[in-house]
Visitor: 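Below you'll find the structure I mean.
Sequential numbering from 1 along the given sequence is applied to the chain's residues. Atoms within each ligand, like the ligands themselves, are counted from 1 in listed order. Quick note: numbers below take in every heavy atom, side chains included, and nothing from hydrogens, waters or symmetry partners.
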Amino acid sequence: MKFDVVTIFPAMVESALKEGVVGRARQAGLLDIVVHNLRDFTTDRHHVVDDVAFGGGPGMVLKPEPLFAAAEAIAERRGAADAVLLMSPAGTPFTQAAARRLATLQHIVILCGRYEGIDERVREHVATEEVSIGDYVLSGGELPALVVVDAVSRLIAGVVGDEQSVEADSFTRGLLDHPHYTRPAEFRGHRVPDVLLSGHHGEIRKWRQREALRRTAARRPELLAEAGLAAEEREFLESEGFNPATEGEGFSPAGKKGSR
Ligand code: 9D3
């Protein structure tokens with residue numbers, strides 16, 4: 001899979017993409033990622049990428065010419081992209097479902113915004129979609145671009161060494177993960193649950209499933225609506241004092257506040 005990331009901070013993006021699962025997959029040739037410096041696509045002596053807003057107001061706006069030039073150069077050098085993502089706080093919220101869809105593509109270009117905004121013509125004529133990673137204000141689209149590359153790359157065969165861990169990933173089923181423990185079995189008087197030391201694999205599976213349900217009901221009850229719970233799973237949650245939702249929330253925690 002190919003990614004091209006366009007940014008005014010290429011070193012910031014490149015440094016993150018050298019590390020971890022994504023760094024290894026690049027070295028193995030599973031991911032072909034090129035980070036481009038937006039300033040390389042300017043034509044003026046001072047490599048200016050921004051300008052004041054027409055109509056006035058505070059803050060600078062990313063100029064259209066370098067972004068159009070970058071997208072065109074990438075198409076020439078690397079082939080036409082299947083999607084051009086504009087990272088923007090006004091974009092569609094990025095979800096695991098969005099990651100799954102993008103992972104079916106072969107070539108994605110990601111444009112990182114900075115400053116107060118981007119010339120609207122980039123949105124209209126270069127980007128094919130606009131993506132946000134959530135409702136908080138960041139300083140630019142670089143960290144969001146890295147989030148998208150990471151989440152999508154993990155879904156490409158071979159990128160994550162252990163296929164099972166991708167499969168078992170909590171959001172594959174739409175539930176939060178169960179608790180994890182490693183040695184020692186007792187640490188500062190805090191014991192690992194006996195069932196995990198028992199070697200009874202059926203019991204361990206059941207315990208993990210119930211803990212995942214309990215946690216999800218307590219922390220993210222809205223996820224249960226989409227999780228496709230079996231009758232016995234609903235019964236378990238009701239027996240634990242969680243109540244079926246009135247309004248598409250699946251289950252809501254009843255008297256469960258602070259149970260963690
Ligand atoms: C005053 C209006 N601001 C929008 C809420 C302006 C503004 C804030 C932050 C314009 C750009 C930015 C920089 N952020 C991003 O480029 C960005 C972002 C984010 O801030 N949050 C979540 N996802 C994303 S994707 C790109």
Visitor: Looking only at protein heavy atoms, which one is nearest to atom 8 (C) of ligand 1, and what is the separation?
Guide: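 Heavy-atom neighbour on the protein nearest atom 8 (C) of ligand 1: Val137 CG1, 3.8 Å.
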Visitor: Near Met87, which atoms of ligand 1 are under 4.0 Å from a heavy atom of that residue?
Guide: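 Here the atoms of ligand 1 in question are 25 (S), 26 (C).
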Visitor: Are Leu111 and Val61 connected, step by step, through hydrophobic side chains (Ile, Leu, Val, Met, Phe, Trp, Tyr) whose heavy atoms are closer than 4.5 Å?
Guide: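 No: no chain of side-chain contacts under 4.5 Å links Leu111 to Val61.
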Visitor: With backbone taken as N, CA, C and O and side chain as the heavy atoms from C-beta onward, which portion of Ala90 lies under 4.0 Å from ligand 1: side chain, backbone, both, or neither?
Guide: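 The answer is neither; Ala90 stays 4.0 Å or more away.
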Visitor: Between Cys112 and ligand 1, which residue portion shows a heavy-atom distance shorter than 4.0 Å: side chain, backbone, both, or neither?
Guide: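 Near ligand 1, Cys112 shows nothing, with every heavy atom at 4.0 Å or more.
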Visitor: Between Arg114 and Ile8, is there a donor-acceptor pair closer than 3.5 Å when you use the side chain of the first and the backbone of the second?
Guide: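 Judged by distance alone, no pair lies under 3.5 Å.
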Visitor: Could you tell me if any non-hydrogen atom of Gly117 lies under 4.0 Å from any atom of ligand 1?
Guide: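 False for this residue.
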Visitor: Where is the nearest protein heavy atom to atom 17 (C) of ligand 1: which residue, which atom, and how far?
Guide: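 The answer is Pro89 CD, 3.5 Å.
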Visitor: To the nearest 0.5 angstrom, please state how far the CG atom of Leu85 sits from the CG atom of Asp4.
Guide: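 Atom-to-atom, Leu85:CG and Asp4:CG are 11.5 Å apart.
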Visitor: Counting heavy atoms only, which part of Val131 comes closer than 4.0 Å to ligand 1: side chain, backbone, both or neither?
Guide: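 Answer for Val131: backbone.
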Visitor: Under 4.0 Å between a Lys/Arg side-chain N and an Asp/Glu carboxylate O for Glu232 and Arg234?
Guide: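 Result for this pair is no, no salt bridge flagged.
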Visitor: Flag yes if Leu102 and Leu155 sit in one hydrophobic cluster, no otherwise; membership is Ile, Leu, Val, Met, Phe, Trp, Tyr, and two members link when side-chain heavy atoms are under 4.5 Å apart.
Guide: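 In one cluster with Leu102: Leu155, yes.
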Visitor: Determine, for Lys206 against Glu203, whether the closest basic-nitrogen to carboxylate-oxygen distance falls under 4.0 angstrom.
Guide: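 Between Glu203 and Lys206 there is a salt bridge, with a charged N closer than 4.0 Å to a carboxylate O.
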Visitor: Any idea which protein heavy atom is nearest atom 21 (N) of ligand 1, and the distance to it?
Guide: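 Closest protein heavy atom to atom 21 (N) of ligand 1: Tyr136 O, 2.8 Å.
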Visitor: In Å, rounded to the nearest 0.5 Å, how long is the span from NE2 of His200 to CG of Asp194?
Guide: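 Here the rounded value is 11.5 Å.
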Visitor: Using side-chain hydrogen bond (donor to acceptor under 3.5 Å, both in side chains) as the criterion, list what pairs up with His180, not counting sequence neighbours.
Guide: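 If we apply the side-chain hydrogen bond (donor to acceptor under 3.5 Å, both in side chains) test to His180, skipping adjacent residues, the hits are Asp177.
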Visitor: Check each of Lys2, Arg78, Gln106 against Asp32 using the side chain to side chain donor-acceptor pair (under 3.5 Å) test, and report the only one that passes.
Guide: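 For Asp32, the side chain to side chain donor-acceptor pair (under 3.5 Å) check succeeds only for Arg78.
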Visitor: Which atoms of ligand 1 are found less than 4.0 Å from any heavy atom of Gly141?
Guide: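 By the 4.0 Å cutoff, the relevant atoms are 15 (C), 16 (O), 26 (C).
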Visitor: Check Pro144 against ligand 1 and report side chain, backbone, both or neither, counting heavy atoms closer than 4.0 Å.
Guide: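 For Pro144, only side-chain atoms sit under 4.0 Å from ligand 1.
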Visitor: Of all the non-hydrogen atoms in the protein, which one sits nearest to atom 25 (S) of ligand 1, and at what distance?
Guide: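 I find the closest protein heavy atom is Ser88 N, 3.2 Å.
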Visitor: Can you report which non-hydrogen protein atom sits closest to atom 9 (C) of ligand 1, along with the distance?
Guide: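 Ranked first by proximity to atom 9 (C) of ligand 1 is Leu138 O, 3.3 Å.
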Visitor: Could you check atom 6 (C) of ligand 1 against the protein and tell me its nearest heavy-atom contact, residue, atom and distance included?
Guide: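 The protein heavy atom lying closest is Glu116 OE1, 3.6 Å.
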Visitor: Looking at Glu124 and Arg121, does any basic side-chain N land under 4.0 Å from a carboxylate oxygen?
Guide: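 Looking at Arg121 together with Glu124, the answer is no, because their closest N to O distance does not fall below 4.0 Å.
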Visitor: How close does the nearest protein non-hydrogen atom get to atom 23 (N) of ligand 1, and which residue and atom is it?
Guide: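 The protein heavy atom lying closest is Ile133 N, 3.0 Å.
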Visitor: Quick one: nearest non-hydrogen protein atom to atom 11 (C) of ligand 1, plus distance?
Guide: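 That would be Tyr115 O, 3.5 Å.
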Visitor: Under a single-linkage definition using a 4.5 Å side-chain heavy-atom cutoff for Ile, Leu, Val, Met, Phe, Trp and Tyr, are Ile156 and Phe3 assigned to the same hydrophobic cluster?
Guide: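 Shared cluster, yes.
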Visitor: Numbering the atoms of ligand 1 from 1, which are under 4.0 Å from a heavy atom of Gly134?
Guide: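 Within the 4.0 Å cut-off of Gly134, ligand 1 contributes 21 (N), 22 (C).
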Visitor: Just which atoms of ligand 1 are under 4.0 Å from any heavy atom in Ser139?
Guide: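 Checking each atom against Ser139, I get 13 (C).
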Visitor: Hey, is Arg114 touching ligand 1 through its side chain, its backbone, both or neither, going by heavy atoms under 4.0 Å?
Guide: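 For Arg114, no heavy atom sits under 4.0 Å from ligand 1.
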